[in-house]
K.L.:
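One structure follows; several queries about it will come next.
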Amino acid sequence: MSASPTLTLKPTGAEMPQIGFGTWKHYGDKATEAVHNGLKLGYRLLDGACDYGNEKECGEGLRRALVDGTVKREDVWVVSKLWNTFHRREHVREAVMRSLADWGVSYFDVYYVHFPISLAYVPPGTRYPPGWYFDGKSEVKHDPVPLRETWEALEQLVDEGYIRYLGVSNMCSALLMDLLSYARHRPSVLQIEIHPYNTQERAVEYAHQQDIAVTAYSSFGPLGFRELKTPKSLRTQPLFVHPTVAAIAVAHSCSPAQVVLRWATQRGLAVIPKGNTEQQMRENLASATLALSPQEMAAVSRLDVGLRFNDPADDFEGCYIFS
């Protein structure tokens, strides 16, 4: 069993696993099996979200690992995210408690604001997870809730012990600067889309200057979005067959996926790759044993073209998060 290296969260000194297990697009019984198997293989951070629609199934995988003695609760970082329709103060607690119940845990180790955009509330009895559309079909209904209102409600849940560390996702540095001006509990982690086609060097630099750890999602670039057949991903060369990545993989007798993950972790980033097979899960964890040269790191970084695959404005009216 491989063990993930860790990143030290400041100022507490808590050690967060650097290679976590991504749960996006794991569904049903396969989600349960994937989480259980991932924990048996050595993963100790499970990255989830209300919007993924699988927290109950992932929680069952965790429960099985706890029952069979694979892990203890205190050994596993369980992560979730606040969806856009729950940003009002009176809905934040409801969202956190629902996710805690679905996971079957009493606290989250990290809890993120998923996107810095607020949409109109959809009662869980109407539809859960709510998704982007207010009517479940085509209407995007915005709700102008200040981020400060959302954050203060989350801070209260930290005070009560339901959340250990707060995080922000899909947030630009300017908005992060504003948040830091009033946050009583500062964000410990920033989760953003980072891969060789979108290296986000300035965002990483600013976060690290503020002692905020950075987790990269969609480390494999277009791959996860090709499953969704998004036009942007379908017209982009997959990273695993890019000549630069492929050549480095050959030089190290490893997989292209391992090259891409190690490029990120050598930058001091955490990663949360999805693994569909036991071999992929093992390879992703083992990527930490590679050592890319400065020249190889620079070659991968030169692939940057600022290409973002997860941009809500591409699909949802008025969701100009990155504009």
Side-chain angles (χ1 to χ4, degrees), residues 1-24 35 38-39 41-49 52 55 58-59 61-62 65-66 70-82 96 99-100 103 105-114 154-155 157-158 161-171 176 179-180 183 185-194 200 203-219 261-275 281 284-289:
M1 181 181 73
S2 299
S4 168
T6 60
L7 293 181
T8 303
L9 298 188
K10 298 177 180 178
T12 65
E15 297 294 328
M16 183 181 79
Q18 190 176 17
I19 302 177
F21 188 81
T23 65
W24 182 46
V35 167
L39 291 169
L41 291 172
Y43 287 90
R44 292 296 181 264
L45 184 147
L46 304 173
D47 184 86
Y52 299 167
E55 291 193 298
C58 291
L62 172 61
L66 293 170
T70 298
V71 295
K72 297 178 180 179
R73 172 63 185 94
E74 59 267 26
D75 297 331
V76 183
W77 287 59
V78 181
V79 177
S80 188
K81 304 178 186 75
L82 182 74
V96 173
S99 285
L100 285 171
W103 272 100
V105 297
S106 60
Y107 66 91
F108 284 122
D109 295 273
V110 180
Y111 193 80
Y112 291 97
V113 175
H114 204 151
L154 287 169
E155 289 178 320
L157 294 171
V158 173
Y162 293 111
I163 300 169
R164 292 179 65 207
Y165 300 101
L166 290 173
V168 289
S169 183
N170 299 299
M171 188 174 286
L176 188 54
L179 172 60
L180 292 173
H185 291 296
R186 291 166 56 94
S188 297
V189 194
L190 168 68
Q191 186 176 123
I192 51 178
E193 179 183 341
I194 299 178
Q200 299 237 49
V204 172
E205 180 181 9
Y206 177 71
H208 284 170
Q209 285 175 354
Q210 299 302 315
D211 289 334
I212 298 171
V214 179
T215 294
Y217 73 76
S218 293
S219 293
L261 291 176
R262 189 56 180 141
W263 166 82
T265 55
Q266 276 192 212
R267 293 177 62 194
L269 309 177
V271 292
I272 45 171
K274 175 190 176 189
M281 294 179 196
N284 291 344
L285 266 182
S287 65
T289 64

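For this chain, numbers begin at 1 and follow the sequence in order.
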K.L.:
Determine, step by step, whether S287 and I19 satisfy the side-chain contact (heavy atoms from CB on, under 4.5 Å) criterion, reporting the C-alpha distance in whole Å, the side-chain angles of both residues, the deciding distance to 0.1 Å, and the verdict.
P.N.:
CA-CA 9 Å; S287 65; I19 302 177; 3.8 Å; yes
K.L.:
Measure across A216 and I194 and return the closest heavy-atom pair with its distance rounded to 0.1 Å.
P.N.:
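Between these two residues, the closest heavy atoms are CB-CB, 3.6 Å.
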K.L.:
Nearest 0.5 Å, please: how far is CE in M171 from OH in Y112?
P.N.:
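CE of M171 is found 12.0 Å from OH of Y112.
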K.L.:
If I take atom CE from residue M16 and atom CG from residue D109, how far apart are they, to the nearest 0.5 angstrom?
P.N.:
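That separation rounds to 10.5 Å.
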K.L.:
In Å and rounded to the nearest 0.5 Å, what is the CG to OH distance from L190 to Y206?
P.N.:
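Reported value, rounded in 0.5 Å steps: 10.5 Å.
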K.L.:
R186 side chain to Q210 main-chain N or O, any donor-acceptor pair under 3.5 Å?
P.N.:
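Indeed, once roles are kept as given, a pair shorter than 3.5 Å links the two residues.
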K.L.:
Measure across V110 and G167 and return the closest heavy-atom pair with its distance rounded to 0.1 Å.
P.N.:
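V110 and G167 have their closest heavy atoms at CG1-N, 4.5 Å.
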K.L.:
What's the verdict on side-chain contact (heavy atoms from CB on, under 4.5 Å) for L176 and I212, showing C-alpha distance, side-chain angles and the deciding distance?
P.N.:
CA-CA 10 Å; L176 188 54; I212 298 171; 4.0 Å; yes
K.L.:
Between H185 and L154, is there a side-chain heavy-atom distance shorter than 4.5 Å?
P.N.:
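No; the side chains remain at least 4.5 Å from each other.
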K.L.:
Looking at G20 and P273, what are the two nearest heavy atoms and their distance?
P.N.:
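So the two residues come closest at O-CD, 3.4 Å.
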K.L.:
Under the rule for side chain to side chain donor-acceptor pair (under 3.5 Å), what residues qualify as partners of R267, not counting sequence neighbours?
P.N.:
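Residues passing side chain to side chain donor-acceptor pair (under 3.5 Å) with R267: none at all.
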K.L.:
From H114 NE2 over to S80 OG, what is the distance, rounded to the nearest 0.5 angstrom?
P.N.:
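Answer rounded to 0.5 Å: 9.0 Å.
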K.L.:
Taking the basic N atoms (NZ, or NE/NH1/NH2) and the acidic carboxylate oxygens, is any pair closer than 4.0 Å for D75 and R44?
P.N.:
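Not counted as a salt bridge, because no side-chain N and carboxylate O are separated by less than 4.0 Å.
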K.L.:
Please round to the nearest 0.5 Å and tell me the distance separating atom CG of N284 and atom CE of M281.
P.N.:
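Taking CG in N284 and CE in M281, the distance rounds to 9.0 Å.
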K.L.:
Test salt bridge (charged side-chain N to carboxylate O under 4.0 Å, His left out) on K274 and D47; report intermediate values, then the result.
P.N.:
CA-CA 10 Å; K274 175 190 176 189; D47 184 86; over 6 Å; no
K.L.:
Could you give me the CA-CA distance, side-chain angles and deciding distance for L285 and S4, then say whether side-chain contact (heavy atoms from CB on, under 4.5 Å) is met?
P.N.:
CA-CA 6 Å; L285 266 182; S4 168; 4.0 Å; yes
K.L.:
What are the two closest non-hydrogen atoms of A213 and L9, and how far apart are they?
P.N.:
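Heavy-atom minimum between the residues: CB-CD2, 3.7 Å.
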K.L.:
For F108 and L157, what are the C-alpha separation, side-chain angles and deciding distance, and is it a side-chain contact (heavy atoms from CB on, under 4.5 Å)?
P.N.:
CA-CA 10 Å; F108 284 122; L157 294 171; over 6 Å; no
K.L.:
Please give me the minimum heavy-atom distance between H208 and L269, naming the atom from each residue.
P.N.:
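That closest heavy-atom pairing would be CE1-CD2, 4.4 Å.
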K.L.:
Looking only at non-hydrogen atoms, find the nearest pair between R164 and Y107 and report the distance.
P.N.:
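For R164 versus Y107, the nearest heavy atoms are CD-CE1, 3.7 Å.
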K.L.:
Can you pull the side chain to side chain donor-acceptor pair (under 3.5 Å) pairs that have at least one residue in residues 5-24, sequence neighbours excluded?
P.N.:
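Sorted result for residues 5-24: T6-E15, T8-E15, T12-Y165.
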K.L.:
When rounded to the nearest 0.5 angstrom, what distance separates NZ in K81 from CD in Q191?
P.N.:
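CD of Q191 is found 4.5 Å from NZ of K81.
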K.L.:
Just so I know, are the side chains of P17 and Y43 near enough to count as touching, which here means a heavy-atom distance under 4.5 Å?
P.N.:
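They are not in contact (no side-chain heavy atoms under 4.5 Å apart), so the answer is no.
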K.L.:
May I ask you to check whether S99 and E55 show a side-chain donor-acceptor distance below 3.5 Å?
P.N.:
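Side chains of S99 and E55: pair found under 3.5 Å.
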K.L.:
Answer yes if the side chains of N170 and Y217 hold a donor-acceptor pair under 3.5 Å, and no otherwise.
P.N.:
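On atom types as modelled, these side chains qualify, holding a pair under 3.5 Å.
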K.L.:
So, does Q200 use its side chain to make a donor-acceptor pair with the main chain of E193 at under 3.5 Å?
P.N.:
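Yes; judged by distance alone, with no hydrogens or angles, the pair exists.
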K.L.:
Given side chains that start at C-beta, do those of L46 and W103 come closer than 4.5 Å, heavy atoms only?
P.N.:
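Answer yes - side chains close enough.
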